[in-house]
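Fair warning: this is a prediction, and the values are worked out from it, not measured in the lab. The figures here come from the full heavy-atom set of this structure, side chains too, leaving out hydrogens, waters and symmetry mates.
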Amino acid sequence: MASQFPRNQRFSFAAFLLLFQLFTVNLITTADAQIGVCYGMMGNNLPSANEVINLYRSNNIRRMRLYDPNQAALQALRNSGIELILGVPNSDLQGLATNADTARQWVQRNVLNFWPSVKIKYIAVGNEVSPVGGSSWYAQYVLPAVQNVYQAVRAQGLHDQIKVSTAIDMTLIGNSYPPSQGSFRGDVRSYLDPIIGYLLYASAPLLVNVYPYFSYSGNPRDISLPYALFTSPNVVVRDGQYGYQNLFDAMLDSVHAAIDNTRIGYVEVVVSESGWPSDGGFGATYDNARVYLDNLVRRAGRGSPRRPSKPTETYIFAMFDENQKSPEIEKHFGLFKPSKEKKYPFGFGAQRDAKIVVDEFNATYPLKSDM
């Protein structure tokens with residue numbers, strides 16, 4: 001049967017179909033990699049849990065991190081469709097580590113009582129515990145607490161749906177430059193290696209809090225602002241076959257390399273926190289925060305140079321400015337004001353253009369970095 005399109009239009013129609021298919025695939029990829037937002041509660045002026053969950057839904061935010069099993073929040077999450085990282089506070093680690101019954105009761109009360117109407121995806125057993133420094137007392141309890149919680153989840157046949165892990169910060173990385181030489185500090189290996197071995201066994205990701213802001217503000221002489229904000233027009237760091245145009249990717253790949261360099265096995269990484277403050281410290285301005293966060297949301301649809309095939313699951317810190325946090329800079333990470341008013345103009349829909357936004361105001365900074 002003859003085509004109803006003239007020859008010069010047939011190519012255009014075929015091209016249109018191809019573009020439509022590519023656009024559809026891009027939408028699916030972006031939708032699958034929707035970004036999450038951390039719901040912190042350290043404020044005396046925050047909306048109710050029901051209002052907060054409605055705010056997530058109305059802004060198309062489909063993933064959440066909770067730092068403790070707040071019952072009002074868990075109730076409000078029922079049938080919301082929001083995927084959840086459910087946190088175990090550091091203060092609960094000892095009890096969960098030393099008593100398997102305590103872990104089973106915790107899982108019953110905070111997981112089974114809400115599953116499956118609350119879509120718990122991960123349980124983060126402890127946050128930013130290090131065997132060196134202020135949280136060192138908790139370190140001995142992290143792995144046994146993770147194991148006990150995992151066994152309680154596994155006993156219910158849910159270990160394939162709910163992954164049990166812990167969240168670390170970048171201070172456990174000893175070397176991060178170049179990213180391919182990333183390695184964990186020697187004085188944390190005896191703590192971290194068994195955790196990585198467990199994650200490999202349980203097919204669970206490592207949760208990592210990644211903050212280019214703190215790297216930049218701590219070393220603005222060697223780390224340029226455009227590199228930290230995703231706005232560098234060119235590759236800044238060349239590392240063998242990989243080129244890095246932003247600090248976030250370089251930091252993330254240094255973690256990937258550090259895991260690989262333990263030779264324990266392949267473990268995925270979920271970015272369980274990243275953000276930029278709008279006030280309270282060096283480089284903490286509204287414009288910098290707006291550009292960083294907007295570009296971070298756009299970036300969530302793709303992987304890193306070292307792990308290009310899978311989009312990076314990323315959680316922004318935080319939903320609100322929290323006025324009871326300290327020091328001062330910690331009060332200014334919110335995407336929303338406590339009044340529920342958006343602090344920034346961008347949104348979270350899957351249909352957003354994935355192209356990184358470059359603002360003219362920061363295009364003249366030198367492009368050099370030690371990351």
Side-chain angles (χ1 to χ4, degrees), residues 35-43 63-71 73-74 83-97 102-103 106-107 110-111 120-150 153 162-173 184-185 188 191-192 194-196 198-199 202 204-214 251-252 255 258-259 267-275 277 313-320 322 324-327 329-331 333-334:
I35 204 153
V37 180
C38 303
Y39 175 16
M41 300 182 183
M42 294 183 67
R63 290 177 175 166
M64 173 189 290
R65 180 179 179 185
L66 267 183
Y67 290 91
D68 65 83
N70 180 279
Q71 298 296 293
L74 289 170
E83 290 185 337
L84 181 65
I85 299 179
L86 177 61
V88 173
N90 293 347
S91 57
D92 289 354
L93 292 174
Q94 182 180 9
L96 295 175
T102 300
W106 193 96
V107 168
N110 302 306
V111 177
I120 300 166
K121 187 175 187 182
Y122 308 116
I123 300 174
V125 181
N127 184 50
E128 297 187 346
V129 174
S130 170
V132 180
S135 63
S136 60
W137 182 81
Y138 295 113
Q140 61 189 308
Y141 301 119
V142 173
L143 181 56
V146 166
Q147 292 170 326
N148 282 346
V149 170
Y150 170 78
V153 170
I162 302 173
K163 298 299 182 179
V164 184
S165 185
T166 190
I168 67 168
D169 63 23
M170 293 295 295
T171 65
L172 301 192
I173 298 288
F184 294 113
R185 287 165 40 189
V188 306
Y191 162 72
L192 203 50
I195 291 174
I196 293 171
Y198 151 76
L199 296 175
L206 180 64
L207 309 179
V208 185
N209 300 340
V210 179
Y211 284 95
Y213 168 76
F214 290 112
M251 294 174 72
L252 179 58
V255 178
I259 294 171
V267 171
E268 290 187 0
V269 171
V270 168
V271 177
S272 44
E273 287 182 19
S274 189
E313 189 174 342
T314 304
Y315 292 76
I316 292 176
F317 184 83
M319 192 65 173
F320 298 105
E322 297 172 65
Q324 293 179 316
K325 296 201 75 172
S326 64
I329 198 166
E330 295 282 344
K331 295 179 169 69
F333 276 87

Rounded to the nearest 0.5 Å, the CG atom of D68 sits from the CG atom of L66 at a distance of 7.0 Å
Checking E83, M64, K163, R65 against K121 for side chain to side chain contact (heavy atoms under 4.5 Å, CB included), the one that qualifies is E83
For V188 and S130, the nearest pair of non-hydrogen atoms, with its separation, is CG1-OG, 4.5 Å
In terms of heavy-atom contacts, L96 and A103 come closest through CD2-CA, 3.5 Å
Practice task
For residues Q147 and V164, determine if any side-chain heavy atom of one lies less than 4.5 Å from a side-chain heavy atom of the other.
Solution key: no
ask   = Would you say W106 and N148 make side-chain contact, with heavy atoms under 4.5 Å?
value = no
Identify each donor-acceptor pair in which a side-chain atom of residues 137-146 lies under 3.5 Å from a protein atom, sequence neighbours left out, and give them as a table.
{"from": "Q140", "atom 1": "NE2", "to": "W137", "atom 2": "O", "distance (Å)": "3.1"}
{"from": "Y141", "atom 1": "OH", "to": "Q94", "atom 2": "NE2", "distance (Å)": "3.3"}

Quiz item: If we only count heavy atoms from C-beta on, is the T166 to Y198 side-chain gap below 4.5 Å?
Solution: no
Checklist entry - Side chains of E268 and L199: does their closest heavy-atom pair fall under 4.5 Å? => result no
What one should report as the nearest heavy-atom pair of M41 and A73 is CE-CB, 3.8 Å
Q: Please tell me if the side chains of L86 and L74 come closer than 4.5 Å, counting only heavy atoms from C-beta onward.
A: yes
**Asked** Just wondering, do R63 and E313 contact through their side chains at under 4.5 Å, heavy atoms?
**Response** yes
**Request:** Applying side-chain contact (heavy atoms from CB on, under 4.5 Å), run through I168 and F184 and close with a yes or a no.
**Result:** CA-CA 11 Å; I168 67 168; F184 294 113; 4.2 Å; yes
Rounding to 0.5 Å, atoms CG (L252) and OG1 (T314) come to a distance of 7.5 Å
All heavy atoms of V129 vs all of L172, minimum pair found to be O-CD1, 4.3 Å
Taking the side chain as every heavy atom from C-beta outward, state whether M251 and P212 have any pair of such atoms under 4.5 Å apart. yes
Closest non-hydrogen atoms of F317 and C38, given as atom of the first, atom of the second and distance, are CD1-CB, 4.0 Å
Rounding to 0.5 Å, atoms OH (Y39) and CZ (F320) come to a distance of 6.5 Å
State, yes or no, whether a side-chain contact exists between F333 and E273 at a heavy-atom distance under 4.5 Å.
no
Go through the steps for Y213 and I329 under the test side-chain contact (heavy atoms from CB on, under 4.5 Å), then give the verdict. CA-CA 11 Å; Y213 168 76; I329 198 166; 3.0 Å; yes
In short, M170 meets V255 closest at the heavy-atom pair SD-CG2, 3.6 Å
Taken to the nearest 0.5 Å, the spacing of N127 CG from I85 CD1 works out to 10.0 Å
Value for OH (Y315) from CD1 (I35), rounded to nearest 0.5 Å, stands at 10.0 Å
One should read off an interatomic distance between I123 CD1 and L84 CG, to the nearest 0.5 angstrom, of 9.5 Å
